[in-house]
Number of protein chains: 2
Amino acid sequence: MAARYAHSTTPGGIYALVRDGLARSRADLARLTGLAPSTITLRVEELLRRGYLDEEGDGVSRGGRRPRVLRLARDERVVAGVDLGARHAAIGLFDVAGTCIVTRRSSIDITRPPEVVLRSVHREILDALAASNDAARRLAGVGLSLPGPVSAPEGRVISPSRMPGWNGIDPAAILSGLSGVPVRTENDANAMALGEFIATGRTTRHMIVVKAGSSIGTGVIVDGALYRGARGMAGDVSHTSVADGPQVLCSCGRFGCLDAVAGGRSIVAALAAAGVPIDDVAGVAGLASDAHPLATRLLRESGLRTGAVLATLVSFFNPERLVLAGVLSTTEAFVAGVRSSVYDLCLPMSTTGLELAESTVGWDLGARGVAALALEELLDPAAVDRDLGKSPRT
Amino acid sequence: MAARYAHSTTPGGIYALVRDGLARSRADLARLTGLAPSTITLRVEELLRRGYLDEEGDGVSRGGRRPRVLRLARDERVVAGVDLGARHAAIGLFDVAGTCIVTRRSSIDITRPPEVVLRSVHREILDALAASNDAARRLAGVGLSLPGPVSAPEGRVISPSRMPGWNGIDPAAILSGLSGVPVRTENDANAMALGEFIATGRTTRHMIVVKAGSSIGTGVIVDGALYRGARGMAGDVSHTSVADGPQVLCSCGRFGCLDAVAGGRSIVAALAAAGVPIDDVAGVAGLASDAHPLATRLLRESGLRTGAVLATLVSFFNPERLVLAGVLSTTEAFVAGVRSSVYDLCLPMSTTGLELAESTVGWDLGARGVAALALEELLDPAAVDRDLGKSPRT
DNA sequence: GAAGTTGATTCGACATCCGCACGAAGTTCA
DNA sequence: TGAACTTCGTGCGGATGTCGAATCAACTTC
């Protein structure tokens, strides 16, 4: 968070502090930026005059005069966060203040051509917008989360194992062409990490968020910002070998990859082989909640194996939080398995002070995260600086 | 590097740019900071007047007027970088410009009590200083690198497997008490990562440096700065389980840890068991350079196993460079093993653009890195800002 | 030797930000 | 029900810092 708001003394920086909910009054801003109250007054006045900020009325007193609460100026702009899974899409609409207007789920088939999938996504967005009972609202940006590697900074899909026909595609360009608004593409685990980071008040410095669903991936927060690595591939552990795991053939051609021995898809397959045919990963969780013995055992094993890889990552990365998200982590068995492995395989020095928790946000975690990404672009502090004719400070 | 020099428009920032060799002239500073040349003139003038900087004469022309080369003001202050291994200490003395005055190695026994070891280290530093033929020089700071986990920000040694009697110790306090100067403690792999980062011009954004010696550890550079994690434990992979490794009992009580199946100590033990008694890890490298079959095979296996863990880290962290350092990585067999594993186990998307190289710096890599840490404290940009009466900018 | 480049300085104009005093609007406690 | 204290926000003068343009300086190229 320190890193993220290093430039917070510019008008755009002040704007961002309000946008992200870190400051709600002029006094907050003065504290956070270190600027003199008088300076803040001038800056805020300008932002109010230009229509970037709004006053909401008085807040609660902290023992003295009540602060005058600031918020982003309400306007008609709306961003969509779209989290595409293998078979479902989660779509959320948010106003510029980041408040959720509506979320919905719909069925898709990610194996269909990008144009087809994205056209249907676009229709869903427009439909949700129309259903929101405010004709003035208009779409101003989209964040798109995909279940596969996305290169940075280009935003292209790179060799996705579960999305045939998407390799090398730039989905942002397609969806932007359909919708006429800027689109930001991100990997699903990264989107969830960002969503979790925001949901917990942007306070965690170093965090790993695990997306345990059909496949298993991680998103990484370093120093209060999403970490993408050199090419945007950071966090992709689905083809990591699991120590002591069974030598199952993986789609990548190797044996014993995490995805192949612990991913939700592998559990579905194992259940099917045992004569328990279910539709998808959600079905596994359903079975587990009914105390289905085999499903529970498979989930626990999946957790143990996932935990084995996470243990390595925890040792290496020494995060302060490790968050479990995704369908599998809604089951007690999986979570218990992860806990067991991590605490067994990590040295105490790595796990003391480590908070290992399940995400409290539900199925729209990724949509929220990727919407924040779109908002970030829409409400660009640098653009505010430009508008106010200030050169961005170092 | 962007992150490190985000505050570079303050006097201290300008000082740091010169200190770290990124700027050698006023024109360089103007380019790097974005400040107007006139502003740079004023700032530099102040720094010259205050005795922080010096002019060295003219540099080489780039097609126009020759730049007037700036450097840190020469003074009598010297910092020591001390890299303690299990049996040897590497000591380097550096002037404030970071120029190496002298390096030397000496024998130590890290299993002896901290006070004893550090007293001998202190004597060595004073001895080296006395031998440097400049009576005016005086010690002003020490960086201390240790072969075990060091907590951050406290700088205490945490459950080191090879340093009995050091647990919970604050070596900086002891050595500071002996020498009367500030001491900074750091883990050895972190020190090497910093040394490598500096030796390659501070240009790499995301990097993993592997210290492969008696034991195996990593140091991590994120966004151009040493990454320590939540508690300073980042990079410690010595007790990570190796996929498909032999189930050797490790000092931590588990089986198949990286240290136990690939660390130099394990190779020495394996050679001894086979009737090839050698002194230490350096002996293994010696044997390998004489094409000793067993030593070579063991080194290659060690490389393969180390590479297996590194493959996971590369997938997770997506660095732009992976650097091999330490005694083992001076052998072709070990390096070949690492390369083989990494390229076998990583997806191409993680290794395209990955530079996998051996460090070009020798045995004093860690000493250089940790000396830079001491210099950083000694030549604190914030102190310069304070001295010049400027408030540090955001 | 003229033209073009690069490096560095001078100086006036301008914008910014702070310090401080002050006003506004609360809470706490006798 | 005040008095004292706290927190929040504003107005104004002045110190400070930064920039821009012009200029000088010194070298390379042709």
Side-chain angles (χ1 to χ4, degrees), chain A residues 7-15 17-18 22-50 53-71 384-394, chain B residues 7-15 17-18 22-50 53-71 384-394:
Chain A
H7 316 308
S8 53
T9 61
T10 67
I14 289 179
Y15 177 76
L17 287 169
V18 176
L22 292 169
R24 294 173 49 80
S25 67
R26 291 167 176 79
D28 283 349
L29 287 168
R31 274 188 294 269
L32 285 168
T33 61
L35 294 175
S38 49
T39 307
I40 295 292
T41 294
L42 293 174
R43 283 260 215 278
V44 169
E45 195 178 3
E46 175 92 9
L47 287 164
L48 288 170
R49 201 155 46 72
R50 293 272 192 155
L53 296 184
D54 240 352
E55 286 194 332
E56 196 180 319
D58 287 358
V60 290
S61 167
R62 300 194 312 149
R65 172 174 172 174
R66 287 191 297 230
R68 289 159 65 185
V69 176
L70 299 169
R71 65 173 174 202
V384 177
D385 285 340
R386 276 192 300 275
D387 181 29
L388 297 193
K390 328 269 182 176
S391 59
R393 301 303 148 79
T394 45
Chain B
H7 314 311
S8 54
T9 62
T10 68
I14 289 179
Y15 177 75
L17 286 170
V18 176
L22 292 170
R24 295 173 48 81
S25 67
R26 292 165 176 80
D28 283 350
L29 287 167
R31 274 187 294 268
L32 284 168
T33 60
L35 294 175
S38 50
T39 308
I40 295 294
T41 294
L42 293 173
R43 283 260 215 279
V44 168
E45 195 177 5
E46 176 90 8
L47 287 164
L48 288 170
R49 203 156 44 74
R50 293 272 191 156
L53 296 183
D54 240 353
E55 286 194 330
E56 196 179 318
D58 288 357
V60 290
S61 166
R62 299 195 311 149
R65 173 174 171 174
R66 285 190 299 227
R68 288 160 64 187
V69 177
L70 300 169
R71 65 171 174 203
V384 176
D385 285 340
R386 276 192 300 276
D387 181 28
L388 298 193
K390 329 269 181 175
S391 61
R393 300 304 149 78
T394 45

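Every chain is numbered from 1, with letters handed out A, B, ... down the list of sequences.
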Over all strands shown, is Ile40(A) touching base, sugar-phosphate only, or nothing at heavy-atom distances under 4.0 angstrom?
nothing
If you check the Arg26(A) side chain, which of dG7(C), dC17(C), dG9(D) turns out closest?
dG9(D)
Rounded off to whole Å, could you give me the CG-to-P distance for the Leu35(B) and dT9(C) pair?
15 Å
Taking only the side-chain nitrogens and oxygens of Arg68(B), find out if one of them lies under 4.0 Å from OP1 or OP2 of dT9(C).
yes
I'd like to know if Glu46(B) pairs up with Arg49(B) as an ion pair, taking the criterion as any Lys NZ or Arg NE/NH1/NH2 lying under 4.0 Å from an Asp or Glu carboxylate oxygen.
yes
Excluding sequence neighbours, so at least two apart, what forms side-chain contact (heavy atoms from CB on, under 4.5 Å) with Val69(B)?
Arg24(B), Glu56(B)
Strictly under 3.5 Å: I want the nitrogen or oxygen pairs between protein and nucleotides 23-27 of chain D, one per line.
residue : atom : partner  : partner atom : Å
dA25(D) : O4'  : Arg65(B) : NH1          : 3.4
dA26(D) : N3   : Arg65(B) : N            : 3.2
dC27(D) : OP1  : Arg66(B) : NH2          : 2.5

Side-chain polar contacts of residues 60-68 of chain B - donor-acceptor pairs under 3.5 angstrom, sequence neighbours left out - could you list them?
residue  : atom : partner  : partner atom : Å
Ser61(B) : OG   : Gly63(B) : N            : 2.9
Ser61(B) : OG   : Gly64(B) : N            : 3.0
Ser61(B) : OG   : Gly64(B) : O            : 2.6
Arg68(B) : NE   : Glu55(B) : OE2          : 3.4
Arg68(B) : NH2  : Glu55(B) : OE1          : 3.0
Arg68(B) : NH2  : Glu55(B) : OE2          : 3.1

For Arg31(B), which contact category applies under a 4.0 Å heavy-atom criterion: base, sugar-phosphate, or nothing?
sugar-phosphate
Got a list of protein N/O to nucleotides 19-21 of chain C N/O distances below 3.5 Å?
residue : atom : partner  : partner atom : Å
dG19(C) : O6   : Ser38(A) : OG           : 2.8

Against the side chain of Pro67(A), the closest entry in dT18(D), dG7(C), dG9(D) is dG9(D)
Using five pairs at either end of the helix from dG1(C)-dC30(D) to dA30(C)-dT1(D), determine the angle between the two local helix axes and round it to 10 degrees.
30°
To the nearest Å, how far apart are Glu45(B) CD and dT10(C) C1'?
11 Å
Applying side-chain contact (heavy atoms from CB on, under 4.5 Å), name anything that partners Ala23(A), two or more places apart in sequence or on another chain.
Leu17(A), Asp28(A), Leu29(A), Leu32(A)
